[in-house]
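To start, the structure under review is shown below, and the notes come after it.
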Amino acid sequence: MNDSSAPALDNDDSSRTDDGSGDLGLGARAVRTRNAILEASKRLFLERGYSGTRINNITDACGISRAGFYTYFRDKREIFNTLGEETYHELLDVVARWDTIPQPCTHDDAETWVRDYFAFMDKHGAFILSAQPGPSDEDVRIASTRMQMRVVWLLGMNLRNRQRHPATAPEALGLCVQAMLDRSWYLSHTQQQLPVDPADVVRTAADFLMAILTA
């Protein structure tokens with residue numbers, strides 16, 4: 001269906017002034033086009049996998065030409081890297097919110113943080129799930145491992161600093177908590193959704209966090 005009210009996307013580079021700084025230098029229409037490419041790629045990487053997604057799949061999903069695509073990205077590898085960097089920095093922001101939570105925290109504080117984490121997953125979960133079979137070269141594997149380890153270590157340290165009996169391996173603590181949250185989100189907020197009230201999932205995840213902190 002052709003929605004004539006939808007904002008137009010660029011098929012050329014007339015609205016772009018490339019200063020090498022990502023979104024900076026892009027007009028409003030060009031920013032919409034770039035974001036549409038990223039969102040379509042995120043969805044296609046999940047549906048088809050990274051290797052199964054072609055440039056023409058992305059352009060078809062966005063309704064732009066191949067020339068329009070190359071105005072914004074060199075290839076799908078650049079898209080993957082862009083999505084990965086955006087996801088990584090927003091995840092660090094969510095983890096850092098523990099710095100603003102009172103100590104000791106309340107169950108309501110823990111629930112609020114879990115909701116924030118699930119909101120992050122609502123935005124980036126599709127990419128995180130599709131990133132497992134991403135580009136297979138060694139540079140990507142090393143960078144991905146480094147970013148993942150930094151996230152779980154920072155999360156583990158934030159929790160460890162609040163524990164009555166601090167864990168000896170903060171990276172393992174962070175990994176286990178993140179894995180619990182990711183799987184809980186996946187089974188309660190995606191197409192695989194089980195008949196469980198998402199609010200109950202949030203409360204129960206907060207119960208686990210409080211048990212970890214107070215045990």
Side-chain angles (χ1 to χ4, degrees), residues 20-26 31-32 34-43 45-46 73 78-132 134 140-163 166-167 169-190 198-199 201-210 212-213:
S21 54
D23 282 351
L24 298 179
L26 297 180
V31 169
R32 286 198 301 269
R34 185 176 184 276
N35 289 341
I37 292 171
L38 291 172
E39 288 302 313
S41 300
K42 189 186 301 184
R43 184 178 69 253
F45 288 162
L46 179 61
F73 297 100
E78 185 179 7
I79 291 178
F80 186 90
N81 291 344
T82 299
L83 290 171
E85 286 292 327
E86 177 184 308
T87 299
Y88 172 62
H89 289 296
E90 290 196 26
L91 181 52
L92 289 180
D93 287 343
V94 174
V95 172
R97 289 174 197 171
W98 277 104
D99 293 335
T100 66
I101 296 174
Q103 188 168 350
C105 71
T106 66
H107 193 280
D108 286 344
D109 292 329
E111 279 194 38
T112 297
W113 186 83
V114 172
R115 288 193 198 94
D116 287 346
Y117 189 91
F118 282 179
F120 160 82
M121 289 297 290
D122 287 340
K123 182 178 179 181
H124 294 291
F127 174 75
I128 291 172
L129 291 172
S130 69
Q132 304 296 330
V140 171
R141 188 191 67 78
I142 292 172
S144 177
T145 298
R146 183 175 64 249
M147 288 188 289
Q148 290 179 59
M149 286 303 300
R150 178 166 174 76
V151 168
V152 298
W153 186 82
L154 288 172
L155 177 58
M157 285 299 297
N158 271 288
L159 298 175
R160 180 184 184 277
N161 290 339
R162 295 167 175 270
Q163 288 183 302
E171 67 278 8
L173 174 60
L175 174 63
C176 290
V177 169
Q178 186 181 31
M180 180 268 292
L181 292 171
D182 287 356
R183 190 63 177 170
S184 298
W185 172 84
Y186 177 70
L187 293 175
S188 62
H189 287 70
T190 69
V201 175
V202 169
R203 283 192 295 271
T204 303
D207 288 343
F208 276 106
L209 284 175
M210 294 303 294
I212 289 170
L213 297 179

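Because the structure is a prediction, the values reported are computed rather than measured.
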Shortest non-hydrogen contact from K42 toward A126
CG-CB, 4.2 Å
Rounded to the nearest 0.5 Å, what separates atom CD in E39 from atom CZ in R32?
15.0 Å
How long is the gap from CD1 on I101 to OG1 on T112, to the nearest 0.5 Å?
7.5 Å
Just verifying a value: how many Å separate L209 CG and D109 CG, rounded to the nearest 0.5 Å?
11.5 Å
Any heavy-atom pair between the side chains of R160 and L155 that's under 4.5 Å?
no
Side chains of Q148 and S144: donor-acceptor distance under 3.5 Å anywhere?
yes
Does the side chain of V202 come within less than 4.5 Å of F118's, by heavy atoms?
yes
Would you check, one step at a time, whether the test side chain to side chain contact (heavy atoms under 4.5 Å, CB included) holds for E86 with K123?
CA-CA 11 Å; E86 177 184 308; K123 182 178 179 181; 4.0 Å; yes
When you look at CZ of F208, are more than 12 heavy atoms from neighbouring residues, nucleotides or ligands closer to it than 6.0 Å?
no
Flag the pair S41 / F80 as yes when at least one side-chain heavy-atom distance between them is below 4.5 Å, and no otherwise.
no
So CG of L159 and SG of C105: to nearest 0.5 Å the spacing works out to 9.0 Å
May I ask you to test the P104-L213 pair for a side-chain heavy-atom distance under 4.5 Å?
no
Locate the shortest heavy-atom distance separating I79 from F45; write the atom from each residue and the value.
CG2-CE1, 4.2 Å
Please walk me through it: do L173 and M157 pass side chain to side chain contact (heavy atoms under 4.5 Å, CB included)?
CA-CA 8 Å; L173 174 60; M157 285 299 297; over 6 Å; no
Ignoring hydrogens and geometry, is there a side-chain-to-backbone donor-acceptor pair from Q163 to I212 under 3.5 Å?
yes
What verdict does the side chain to side chain contact (heavy atoms under 4.5 Å, CB included) test give for R34 and F73, after you've listed the backbone C-alpha separation in whole Å, the side-chain angles of each residue and the deciding distance to 0.1 Å?
CA-CA 9 Å; R34 185 176 184 276; F73 297 100; 3.8 Å; yes
Quick one: are F120 and D93 in side-chain contact, heavy atoms under 4.5 Å?
no
Would you compute the distance between atom CE of M149 and atom CD of E171 and round it to the nearest 0.5 angstrom?
5.5 Å
Compare every heavy atom of S188 with every heavy atom of P198, then report the nearest pair and how far apart it is.
CG-O, 4.0 Å
With a sphere of 6.0 Å drawn around CZ of R115, does it hold more than 12 non-hydrogen atoms of other residues, nucleotides or ligands?
yes
Any side-chain heavy atom of M121 within less than 4.5 Å of one from L181?
no
Which heavy atom of V114 sits nearest to which heavy atom of A206, and what is that distance?
CG2-N, 4.2 Å
Heavy-atom side-chain proximity of W98 to N161 below 4.5 angstrom
no
Rounded to the nearest 0.5 Å, how far does CE of M210 lie from CG of D108?
9.5 Å
Main chain of R97, side chain of T100: is a donor-acceptor contact present, judged purely on distance under 3.5 Å?
yes
Mind telling me whether W185 and H189 have parallel, tilted or perpendicular rings, with 30° and 60° as the class edges?
parallel
